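FYI, the numbering just counts along the sequence from 1. It should be emphasised that the depicted structure is a prediction, and the values quoted were computed from it without experimental measurement.
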Amino acid sequence: MGLKSSLHNLKEKYKGTKMAPAFNAIHTFLYLPNETTHGGTHIKVADDLKRTMNIVIMAMVPCLIFGMFNAGYQHFLALGEIGRAEGFLDATFWNWNNLVIGLQKVLPLVVVSYGVGLAIEFLFAVIKKHEVEEGYLVTGMLVPLIVPIDTPLWMLAVAVAFGVVIGKEVFGGTGMNILNPALTIRAFLFFAYPTWMSGDKVWVHGAVARDKAIAAGENLDAISGETVLGALAQGKEVAYSAWDMFYGIIPGSVGETSALLILLGGLFLIFTKIGSWRIMLSSVLGALAMGLIFNAVVSSGWITESSKFYALMNTEFWHHLLIGGFAFGTVFMATDPVTASQTNKGKWIYGFLIGFISILIRVFNPAYPEGVMLAILLMNVFAPTIDHYVVQGNVKRRMKRLKVKTA
């Protein structure tokens, strides 16, 4: 009662002041609001924005934990201190030392993402005198999962500030943005610091790596290795099996490697009716269609092995679903209810084009062999147009039926 009484006194103190939105946000995070609605005109439902955001976060937590283990595993594997894990349940992967290394690098990314993003949210709430919205809860978790693990914290802070302000707040805040905020942050990093986003290296913990480098007479902070897409873009063979790629024991961004956990997260979002199964399924179909086209082009002999596009075009069409950030983007970002198409037919078109364009960019842009980010942002822009023509098409069909009945 002492804490509740103190919070009540503070609430009365800040009530009507500029700091009221900031205090209310902290207060409602700890306790449910005591204001209740009365009368029959209100529709009461079990879900709200905060619960929706929490469900999405719950779906991403397994990817986050797995990413921490994978970071440590890739570190020790690159240094030659462990052998390659033989399967998903191998103790070589699920090792406490791997988790410790992962925690040291991933948690700071999470802290910076939430710290900077929420600080800006609080600032805009105070300036605009409105309640702090929960929309950034998901964005703050998405960002650490889609950036390279070696991204400098200052660089991430700058990108988060840009993404929240330019990608969200200038449009009016949560529910008003036309671009996915997390992908806006990723795009800023890509264009402002392209060498960190190229996908041709993966972080390995600096302390041990530096000791080995000093012993070799070099002054290096880390040892780097290529991601699967980075290797394919350079025409190199990939030593990972399809099962490795499905389970996620491969180099890559923190949360994007495990197609298995992403699939489970997607099923959870579909079951809770948070994510659109139409967008997910159509994105997969679009990617498979583009992959089949490239495989057919290679089989016809139009592209030779000397071509710089050969390795990615010759990749098994269904392998494109397992590598890079395609699966993660399809499940957690393409389905963003604010920036995606709203009509059912529009969702099929929207998702199919995301998958189709993702693989197209992946193959023909060797400087950046990951197209899902650009594809989703592009379709975010066209989503209202798609919905417009879908609605207009429905209107025209109804008008035709009306004319037939009245004739």
Side-chain angles (χ1 to χ4, degrees), residues 60-113 143-156 189 193 195-232 234 236 238-241 243-262 322-325 328 370:
M60 288 190 288
V61 166
C63 297
L64 174 67
I65 297 174
F66 180 90
M68 293 178 182
F69 276 99
N70 192 43
Y73 167 74
Q74 297 298 332
H75 155 65
F76 289 116
L77 184 65
L79 295 178
E81 297 185 6
I82 59 174
R84 181 168 293 180
E86 296 181 0
F88 183 70
L89 300 178
D90 196 320
T92 302
F93 183 88
W94 300 102
N95 186 288
W96 173 254
N97 293 329
N98 295 344
L99 179 61
V100 171
I101 294 293
L103 284 169
Q104 290 180 21
K105 290 299 293 186
V106 176
L107 280 185
L109 296 177
V110 176
V111 171
V112 170
S113 175
V143 172
L145 297 180
I146 63 176
V147 299
I149 195 171
D150 59 343
T151 303
L153 297 182
W154 68 266
M155 191 182 295
L156 180 65
L189 286 169
Y193 311 102
T195 56
W196 290 90
M197 303 290 120
S198 62
D200 61 350
K201 65 178 181 178
V202 66
W203 171 88
V204 177
H205 188 49
V208 178
R210 184 165 50 250
D211 294 340
K212 289 183 175 288
I214 292 173
E218 301 175 1
N219 185 21
L220 302 176
D221 289 332
I223 298 174
S224 296
E226 293 170 323
T227 62
V228 174
L229 281 179
L232 289 173
Q234 298 181 49
K236 300 178 181 179
V238 177
Y240 299 98
S241 67
W243 284 113
D244 289 337
M245 293 184 286
F246 178 69
Y247 293 139
I249 47 180
I250 58 176
S253 296
V254 178
E256 296 179 343
T257 61
S258 180
L260 171 61
L261 294 179
I262 294 170
L322 306 179
I323 57 179
F328 191 87
E370 179 54 89

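- Using a 4.5 Å cut-off on side-chain heavy atoms (C-beta onward), Leu107 and Met68 make contact.
- Separation of atoms CD1 (Ile82) and CG (Asn97) is listed at 9.5 Å; rounding is to 0.5 Å.
- Checked by atom type and distance alone, the side chain of Asn70 never pairs as donor or acceptor with a backbone atom of Pro251 at under 3.5 Å.
- In this structure, the separation between OG on Ser113 and CG on Leu153 is 11.0 Å, given to the nearest 0.5 Å.
- Using a 4.5 Å heavy-atom threshold, the side chains of Lys105 and Ile101 count as separate.
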Practice item. Please assess Trp94 against Tyr73 for the test ring-ring contact (aromatic ring centres under 6.0 Å, His included), listing each intermediate value before the final yes or no. Key: CA-CA 8 Å; Trp94 300 102; Tyr73 167 74; over 10 Å; no
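- Leu322 places none of its side-chain heavy atoms less than 4.5 Å from the side chain of Tyr247.
- Taking the side chain as every heavy atom from C-beta outward, Tyr240 and Ile323 never approach each other to under 4.5 Å.
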Exercise for review: Determine, step by step, whether Phe66 and Thr257 satisfy the side-chain contact (heavy atoms from CB on, under 4.5 Å) criterion, reporting the C-alpha distance in whole Å, the side-chain angles of both residues, the deciding distance to 0.1 Å, and the verdict.
Suggested key: CA-CA 9 Å; Phe66 180 90; Thr257 61; 3.6 Å; yes
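- Distance CZ/Phe93 to CZ/Arg84: 13.0 Å, rounded to 0.5 Å.
- In this structure, Phe88 CZ and Asp90 CG are separated by 11.5 Å, a value rounded to the nearest 0.5 Å.
- In this structure, the side chains of Ile146 and Ser253 stay at 4.5 Å or more apart for every pair of heavy atoms.
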